[in-house]
There are 2 protein chains.
Amino acid sequence: MADKNQELRDKGLRLTPQRQLVLEAVRSLGHATPEEVAEKVRATHPGINLSTVYRNLETLENVGLVQHTHLGHGGATYHAAEELTHLHLVCSKCGSVGDAPIETAAPFVNTLIDEYGFKTDVTHFAIYGTCANCTEKS
Amino acid sequence: MADKNQELRDKGLRLTPQRQLVLEAVRSLGHATPEEVAEKVRATHPGINLSTVYRNLETLENVGLVQHTHLGHGGATYHAAEELTHLHLVCSKCGSVGDAPIETAAPFVNTLIDEYGFKTDVTHFAIYGTCANCTEKS
DNA sequence: TTTTTTCTGCAAGTAATTTGCAACTCGCAA
DNA sequence: TTGCGAGTTGCAAATTACTTGCAGAAAAAA
Ligand SMILES: [Mn+2]
Ligand SMILES: [Mn+2]
Ligand SMILES: [Zn+2]
Ligand SMILES: [Zn+2]
């Protein structure tokens with residue numbers, strides 16, 4: 001358990017139960033909005049304030065343990081940083097979120113570097129469109 | 001001018017000065033937030049309410065005359081539908097918004113169709129990353 | 001321990017967008 | 001032309017998502 005504590009300490013952060021719970025929640029949820037993180041945390045620790053969740057998500061993002069992405073028109077969702085190894089394919093019709101390996105985007109990313117010197121972060125925004133299922137139905 | 005009126009009528013919309021002004025503002029501004037659209041409209045017609053602008057942007061989007069995209073972490077920006085002919089390369093460091101032809105993404109889009117049956121709308125979300133300028137400086 | 005510093009809960013505050021509603025006006029029909 | 005009805009507007013209030021100020025609590029340093 002010293003290891004787990006160390007993880008946050010090494011980043012120069014104070015080890016509070018709230019912070020650990022937020023990090024655990026993000027890790028166990030996959031993608032989650034701040035509200036969902038709060039809900040998860042409160043399942044075991046009801047007292048924790050929503051602003052504490054927001055503040056910790058920001059702090060954890062600053063030290064690189066979590067990251068946010070935009071899957072839809074609204075607010076951000078959070079991931080564990082290690083977990084960002086795929087593209088998000090978001091369907092505008094049904095709202096489903098599919099995954100694809102980041103390598104799928106590699107040629108595109110390379111083209112943008114070569115032609116514009118632009119280094120793309122392909123996971124920050126979702127890939128938006130219509131899924132196979134919804135295309136079929138229409 | 002009958003033509004211009006017809007354009008909205010053909011979509012089944014009523015022709016109000018507010019609606020025409022919103023559409024013109026979107027067309028002349030390129031990318032614009034609802035607030036910016038309102039500001040533009042008010043330059044000549046001060047009385048127009050912000051909620052009218054929001055409602056008309058939605059209506060115009062429903063009939064396909066305008067579209068929204070997400071360039072940053074926050075709210076949406078609106079374009080004329082005809083004008084969506086480029087990718088947006090948004091720099092996370094300096095906030096600059098560069099353009100690239102949509103064809104740049106064609107191979108990537110095709111890959112997603114072939115492998116996942118997913119039809120990508122590459123303009124809905126910006127391409128996010130670091131521009132050449134900011135990469136140099138660091 | 002005691003002290004220092006960071007973090008938390010709570011309440012209040014913003015910013016962006018939406019909604020309810022009564023008054024208006026556009027387009028059609030008489 | 002005028003009159004009607006559905007669609008539209010302005011305004012105020014509501015909602016949503018997030019942020020901030022602050023005083024007390026709790027980590028970590030001393
Ligand atoms: Mn959107
Ligand atoms: Mn973002
Ligand atoms: Zn779908
Ligand atoms: Zn830049």
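Naming: A, B, ... by sequence-line order, numbering from 1 per chain.
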OP1 or OP2 of [N] versus the side-chain N and O atoms of [X]: is any pair under 4.0 Å?
{"X": "A:Y54", "N": "D:dC18", "value": "yes"}
{"X": "A:T16", "N": "C:dT8", "value": "yes"}
{"X": "A:Q18", "N": "D:dA26", "value": "no"}

Fill in: Contact list for DNA chain D against residues 35-53 of chain B - heavy-atom distance below 4.0 Å
B:G47, B:I48, B:N49, B:S51, B:T52
Worksheet entry | A:E83, CD: over 12 other non-hydrogen atoms inside 6.0 angstrom | yes
Discussion item. Using a 3.5 Å distance criterion without hydrogens, assess whether the side chain of A:E61 forms a donor-acceptor pair with backbone atoms of A:H68.
Written reply: yes
What is the distance, rounded to the nearest whole Å, between atom [atom1] of [X] and atom [atom2] of [N]?
{"X": "B:L57", "N": "C:dT17", "atom1": "CG", "atom2": "P", "value": "10 Å"}
{"X": "B:H73", "N": "D:dA17", "atom1": "NE2", "atom2": "P", "value": "19 Å"}
{"X": "B:R14", "N": "C:dT25", "atom1": "CZ", "atom2": "P", "value": "12 Å"}
{"X": "B:R19", "N": "D:dG10", "atom1": "CZ", "atom2": "P", "value": "11 Å"}
{"X": "A:L21", "N": "C:dG9", "atom1": "CG", "atom2": "P", "value": "10 Å"}
{"X": "A:E58", "N": "C:dT8", "atom1": "CD", "atom2": "P", "value": "13 Å"}
{"X": "B:R55", "N": "C:dC21", "atom1": "CZ", "atom2": "C1'", "value": "10 Å"}
{"X": "B:L15", "N": "C:dC28", "atom1": "CG", "atom2": "P", "value": "11 Å"}

Discussion item. Can you tell me how far apart CG (B:L65) and CD (B:E82) are? Round to the nearest 0.5 Å.
Written reply: 7.5 Å
Discussion item. Please report the interatomic distance CD(A:Q20) to NE2(A:H45), rounded to the nearest 0.5 Å.
Written reply: 9.5 Å
Identify each donor-acceptor pair in which a side-chain atom of residues 114-122 of chain B lies under 3.5 Å from a protein atom, sequence neighbours left out, and give them as a table.
unit_1: B:D121; atom_1: OD1; unit_2: B:T123; atom_2: N; d: 3.0
unit_1: B:D121; atom_1: OD1; unit_2: B:T123; atom_2: OG1; d: 3.0
unit_1: B:D121; atom_1: OD1; unit_2: B:H124; atom_2: N; d: 3.4

Fill in: ILVMFWY cluster, B:L57 and B:L84 together (side-chain gap under 4.5 Å)
no
Worksheet item: Does the ring center of B:Y128 lie less than 6.0 Å from the ring center of B:H70?
Response: no
